[in-house]
Amino acid sequence: MKLIASDRFKKARAKLPDDVRTAVDEALRTFMKDPRHPALHFEKLTNSEYRTIRVDRKKWRIAMRGDGGEFELVDVDRHDKIDRKYG
Amino acid sequence: MVMRASRWSSRSATKLLSSKENPEAELTAPSYRQLAADIVLPPPPALMPANYNERLPVADAAFKKFADEMKVWTEGVRDMISQMETIAPLDPPEATKMLESVRDVFRKLAIDTASQATREQITIRAAQLAQGSENPQKAARFIRRRFNESADAFLEQLAKIDTRLTTLIWDTDPEARGGPSFENADDLIAYLNS
């Protein structure tokens with residue numbers, strides 16, 4: 001599993017509250033170990049090249065694009081905004 | 001104020017974009033078109049209750065004018081975005097600058113629309129329209145609520161347009177693509193923290 005860190009993702013992550021940023025890091029660790037881990041809810045957005053994973057049970061998600069073993073991290077935001085931006 | 005926005009979007013945007021258009025360019029983001037189609041214009045104002053019948057024609061005409069202005073404004077911006085989607089993939093640095101300047105103007109206009117002055121105008125207009133009613137205070141309250149509902153619905157559309165502009169900017173921004181790759185989570189997180 002290979003992850004590409006875009007500047008956009010890096011900036012979006014830097015703006016998050018500490019607790020959410022920690023949860024993002026944990027989600028990334030889990031994703032690199034097992035992309036199909038049920039807690040991540042890894043899914044493709046409808047009619048879109050983007051995929052998302054859950055950061056927590058509440059509202060935060062990570063958007064990425066790619067396929068197979070290589071994904072580009074694009075953004076991290078509230079789930080409704082991710083849907084509007086990339087869905 | 002609303003009409004000023006409409007004139008800007010239909011004329012300046014066309015001028016802004018005409019030199020950059022390339023009819024042979026292919027859209028790289030077809031989902032934008034679908035999103036554009038998803039913009040729903042505010043619903044026409046509902047009829048007032050029967051007990052306000054004596055003010056109905058006046059208030060209804062005012063609602064219609066308000067809704068028509070919003071429709072013109074929204075369609076103007078939608079048309080502008082449609083053109084933006086065509087040119088955005090052509091020349092990333094130039095397109096990014098152009099989109100950012102459009103968004104700045106758009107946000108100023110949106111803020112004007114949502115401003116306290118607009119809400120105060122709605123209050124004053126509602127009071128005017130309610131004059132002559134059996135219960136002017138109650139009628140004014142009803143009319144004001146209807147106007148505010150229309151304004152809120154319009155602002156929701158503005159929020160969608162703003163999100164789309166932001167996404168377009170990001171997709172033309174070189175920073176949004178590529179970057180270092182990692183096979184180890186610790187290395188990735190260390191980079192993100194750097």
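Sequence lines set the chain letters: A, B, ... in the order given, protein chains first and strands last, and positions in each chain run from 1. Computation of the quantities below employed the complete heavy-atom set of this structure, encompassing side-chain atoms and omitting hydrogens, waters and symmetry-equivalent molecules.
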Is it the case that one hydrophobic cluster holds both [X] and [Y], taking links as side-chain heavy atoms less than 4.5 Å apart, direct or via other members?
| X | Y | value |
| --- | --- | --- |
| I189(B) | I53(A) | no |
| V76(A) | I4(A) | no |
| M1(A) | Y191(B) | yes |

Exercise for review: Sort N184(B) into side chain, backbone, both or neither according to what part of it lies under 4.5 angstrom from a heavy atom of chain A.
Suggested key: backbone

**Study point:** L192(B) portion near chain A, given a 4.5 angstrom heavy-atom threshold
**Key:**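 L192(B) touches chain A through backbone and side-chain heavy atoms alike.
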
Review point. Using a heavy-atom distance cut-off of less than 4.5 Å, which residues of residues 24-33 of chain A contact chain B?
Key: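 Expected list: D25(A), L28(A), R29(A), M32(A).
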
Review point. Is K10(A) atom NZ crowded by more than 12 heavy atoms from other residues, nucleotides or ligands, each under 6.0 Å away?
Key: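 Enclosed: over 12 neighbouring heavy atoms sit under 6.0 Å from NZ of K10(A).
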
